[in-house]
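Note that the coordinates shown come from a computational prediction; the quantities given were computed from them, not determined experimentally. Chain letters run A, B, ... following the sequence lines, proteins first and then strands; every chain starts at 1.
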2 protein chains.
Amino acid sequence: MTDTEQAPRGRATAEMVAARAQVSRVAVSRAFNPHTSLKPEKRELILKIAQELNYTPDRAARALVSGRSHLVGVIVPDVCSHWESQEIDALTTALQAEGFATLLFKTRTDYSMDEQLLAYMRGFNPDSVIAFVENVKPHTLARFLDRAVPIYVHYPLPGTSEEAEDDPLHDRLNVLQRDGIDQAVALLQGFGARRIAYLSGAEKSRANTSRERTLRQVMADRGLAPPVVARGDFSYDSAYQATIDLFRVGDGADAIFAANDVGAFGVIDALRHELKLRVPEDVKVIGFDDIAQSHWKSYNLTTVKFDLDERVRALVRLILRRLNNPDAPGFQETLNTRLVVRGTVG
Amino acid sequence: MTDTEQAPRGRATAEMVAARAQVSRVAVSRAFNPHTSLKPEKRELILKIAQELNYTPDRAARALVSGRSHLVGVIVPDVCSHWESQEIDALTTALQAEGFATLLFKTRTDYSMDEQLLAYMRGFNPDSVIAFVENVKPHTLARFLDRAVPIYVHYPLPGTSEEAEDDPLHDRLNVLQRDGIDQAVALLQGFGARRIAYLSGAEKSRANTSRERTLRQVMADRGLAPPVVARGDFSYDSAYQATIDLFRVGDGADAIFAANDVGAFGVIDALRHELKLRVPEDVKVIGFDDIAQSHWKSYNLTTVKFDLDERVRALVRLILRRLNNPDAPGFQETLNTRLVVRGTVG
DNA sequence: TCACAGAATGAACACGTTTTCATTTCTCGT
DNA sequence: ACGAGAAATGAAAACGTGTTCATTCTGTGA
């Protein structure tokens with residue numbers, strides 16, 4: 001044994017492992033990459049020595065030559081929004097299992113896109129990018145990420161051709177909101193709701209636009225008058241204030257459809273604690289997302305759900321498929337929504 | 001102009017920028033690194049051309065030679081826990097401003113450490129690592145991260161020498177919980193609380209151990225009987241069930257101190273909706289963290305706060321100081337806590 | 001035994017930067 | 001006009017890996 005270089009100063013390298021195992025450095029590389037030809041017992045020996053030396057291939061070096069960083073960029077306006085944090089959580093778990101790591105970036109909270117951020121992110125060379133900032137055009141994202149193919153979470157507008165339209169240039173996850181919203185409106189209609197209000201999310205958000213328009217169309221199809229709209233921005237506080245204004249300044253409502261669950265919580269608290277109204281007896285409330293908090297007893301919210309696990313699985317499928325077929329045309333996945341009935345309606 | 005190589009296939013490289021600007025590749029590198037000597041007008045020209053070509057230095061290549069990945073690893077058991085998600089959010093914002101990116105890793109939810117995860121993470125070469133898994137010994141973390149110096153969030157146990165003790169080998173953020181807990185107990189004592197219960201967090205969590213022991217000692221110092229302990233794991237559901245057991249199986253309490261705010265929400269909902277008790281009239285509740293939801297009207301929770309911004313600033317200071325002084329002895333920062341009084345006490 | 005296919009192996013190259021070092025150019029005081 | 005020190009510049013080395021390609025080894029069928 002060459003005990004002279006026993007001092008494992010800093011990080012162990014493939015060279016050191018190779019020296020100790022009496023093999024070439026290339027063999028070490030092969031030992032860590034499956035689907036390469038290497039005698040099994042040799043691979044075993046190398047891996048054993050690697051573990052002793054606390055060696056792991058350097059991903060920066062690996063990325064440099066292979067063009068794969070194994071990083072997935074995630075752009076969020078607000079990590080602690082409940083829905084976002086739950087998606088990040090599930091996504092990180094799923095990606096980790098596939099050998100990827102989640103790289104987090106924060107952008108402006110008004111859901112506008114930030115070109116400087118894209119350039120910044122590009123420096124880290126993510127293999128793929130998932131943007132929660134839905135209003136950004138996919139080709140803008142693509143222009144800034146030369147290597148990575150962005151994944152576009154798409155909320156098709158109802159009544160347009162968007163639902164069917166193919167997009168050969170980008171990978172897309174379509175979220176169809178019509179079914180869940182229709183079930184929600186049907187329920188409200190069954191309870192005889194007359195004045196239905198929509199508490200919006202951030203105006204620039206594509207998810208909000210799509211939900212509002214879909215609600216309008218569903219209500220029209222069912223012969224209901226258009227909803228009263230109160231402006232929020234997905235936050236508890238904005239929903240709280242908007243609800244108060246709706247009843248103090250405006251004419252109130254007997255049912256409120258919130259753009260997301262957190263907003264619905266603000267609506268419920270404003271109704272109960274500020275306006276002294278009962279939910280669901282005086283006003284019925286429905287949310288959107290079905291986050292973990294929605295079953296908490298203080299709210300016990302009826303809400304339109306789209307399954308998180310299903311969504312994450314779809315995203316991971318898109319990522320992996322794209323990495324295995326870099327030049328294939330755009331892949332698509334589609335997700336549906338459904339109503340979860342709890343205590344805030346009837 | 002050498003129009004032959006006009007096709008900007010794939011990603012732009014420093015070489016291309018250099019060719020167009022009629023300078024050497026080294027000059028391009030210097031243009032992107034401040035504190036290097038380069039004629040201002042030349043730097044300006046290079047940056048302009050770089051922008052035209054959509055060029056950003058490749059961080060993988062940069063990391064390889066400079067030894068700085070500009071990645072900060074964050075290990076969390078659960079991203080969507082409210083407190084964690086808020087810290088991740090604030091941390092990401094702060095790090096982004098300093099040119100770093102947050103690399104997210106999930107570990108087991110029982111707060112035990114996962115050596116396999118550490119080895120996995122090491123491959124990404126983070127410059128620094130912040131572990132929310134407080135029970136891991138800092139030298140274990142250090143052994144797995146040869147280059148990065150881990151930052152240890154330390155909850156000193158009261159009555160031991162830990163508060164004063166220096167640790168020259170690791171960077172440390174001390175969180176002193178005694179002041180806030182003392183204020184909380186004083187408040188409860190003032191309202192004549194007799195039976196005080198502690199709803200614990202995950203047993204292996206250092207934060208929980210420290211909070212429980214500090215509470216014990218504060219109560220003893222004030223001549224109060226030791227707290228009844230109900231076992232939870234920081235989650236809403238566990239707190240909800242433990243509270244029910246406390247009153248149905250055990251002898252109840254007239255004040256409950258929860259290990260975190262989310263647990264306190266579970267306590268409140270169990271008291272109100274399951275046990276039909278009033279908060280604060282029948283039972284007083286105090287939480288720990290002061291997360292954003294704590295001021296929501298349905299809970300309006302009195303809680304022990306330690307300031308998130310202050311904490312994040314301290315962490316970033318530790319990270320930067322360490323990177324600028326790789327061989328310096330361990331740095332320390334200290335944070336205090338205080339009570340925020342809202343509606344769940346008196 | 002021989003020829004041959006396929007597996008196993010290692011030398012050399014490539015990836016895109018930063019850093020070191022030696023050289024050239026500029027600036028300023030005399 | 002001169003010299004000295006500072007600023008500016010580029011050639012070459014280095015970082016740690018994956019990949020290509022040519023070579024050697026192994027086992028099989030004739």
Under 4.0 angstrom, heavy atoms only, what part of the nucleic acid is A:Tyr55 near: base, sugar-phosphate, or nothing?
sugar-phosphate
Whole-Å gap separating P (C:dG10) and CG (A:Leu38)
9 Å
Contact check, side chains of B:Thr102 and B:Val72, non-hydrogen atoms, under 4.5 Å:
no
Out of C:dG16, C:dT18, D:dT17, which nucleotide sits closest to the side chain of B:Pro57?
C:dT18
How close or far is atom C1' of D:dT9 from atom CZ of B:Arg25, stated in whole angstroms?
14 Å
Tell me if the side-chain of A:Arg11 makes a donor-acceptor pair with the base of D:dG16, cut-off 3.5 Å, by modelled atom types.
no
Taking for each residue the nucleotide of DNA chain C bearing the nearest heavy atom, is the 5' side occupied by B:Lys39 or by B:Asp58?
B:Asp58
One pair to check against side chain to side chain donor-acceptor pair (under 3.5 Å): B:Lys106 and A:Thr93. What are the steps and the verdict?
CA-CA 6 Å; B:Lys106 273 198 65 179; A:Thr93 306; 3.2 Å; yes
Is the phosphate of C:dG10, meaning OP1 or OP2, less than 4.0 Å from a side-chain N or O of A:Ser24?
yes
Tell me whether the side-chain N/O atoms of A:Lys42 come closer than 4.0 Å to OP1 or OP2 in C:dT9.
yes
Checking all strands, does A:Arg30 fall into the base, sugar-phosphate, or nothing category for heavy-atom contacts under 4.0 angstrom?
base
When we call it a touch if two heavy atoms are under 4.0 Å apart, what does A:Thr13 touch: a base, just sugar-phosphate, or nothing?
sugar-phosphate
No-hydrogen, no-angle side-chain donor-acceptor test under 3.5 Å, B:Thr36 and B:Arg43:
yes
Roughly how many Å is it from CG in A:Leu64 to P in C:dT18, rounded to a whole number?
12 Å
From CD of A:Glu15 over to P of D:dT17, roughly how many Å is that when rounded to an integer?
9 Å
Of the listed C:dG16, C:dA12, D:dA13, the closest approach to the B:Ala61 side chain comes from C:dG16
On a heavy-atom basis, the closest approach of B:Leu315 and B:Ile130 is CD1-CD1, 4.2 Å
Counting side-chain heavy atoms from CB outward, which of D:dA8, C:dA12, D:dG16 is closest to B:Pro40?
D:dA8
Please step through side-chain contact (heavy atoms from CB on, under 4.5 Å) for the pair B:Val17 and B:Phe32, ending with a clear verdict.
CA-CA 12 Å; B:Val17 178; B:Phe32 278 88; 6.0 Å; no
Rounded to whole angstroms, how far apart are CD1 on A:Ile46 and P on C:dG10?
9 Å
Using heavy atoms to find the nearest nucleotide of DNA chain D for A:Thr36 and B:Val26 separately, return the residue whose nucleotide is more 5′.
B:Val26
Quick one: B:Arg62 CZ to C:dC15 P, roughly how many Å, whole number?
20 Å
Expressed as a whole number of angstroms, how long is the span from B:Leu45:CG to D:dT9:C1'?
15 Å
Atom-pair distance (CZ on A:Arg68; P on D:dT19), nearest Å
9 Å
Between A:Ser29 and D:dG18, is there a side-chain N or O to OP1/OP2 distance below 4.0 Å?
yes
Side chains of B:Arg59 and A:Asn125: closer than 4.5 Å at any heavy-atom pair?
no
From the set C:dA7, C:dT17, D:dG16, return the single nucleotide nearest to any side-chain atom of A:Ser37.
C:dA7
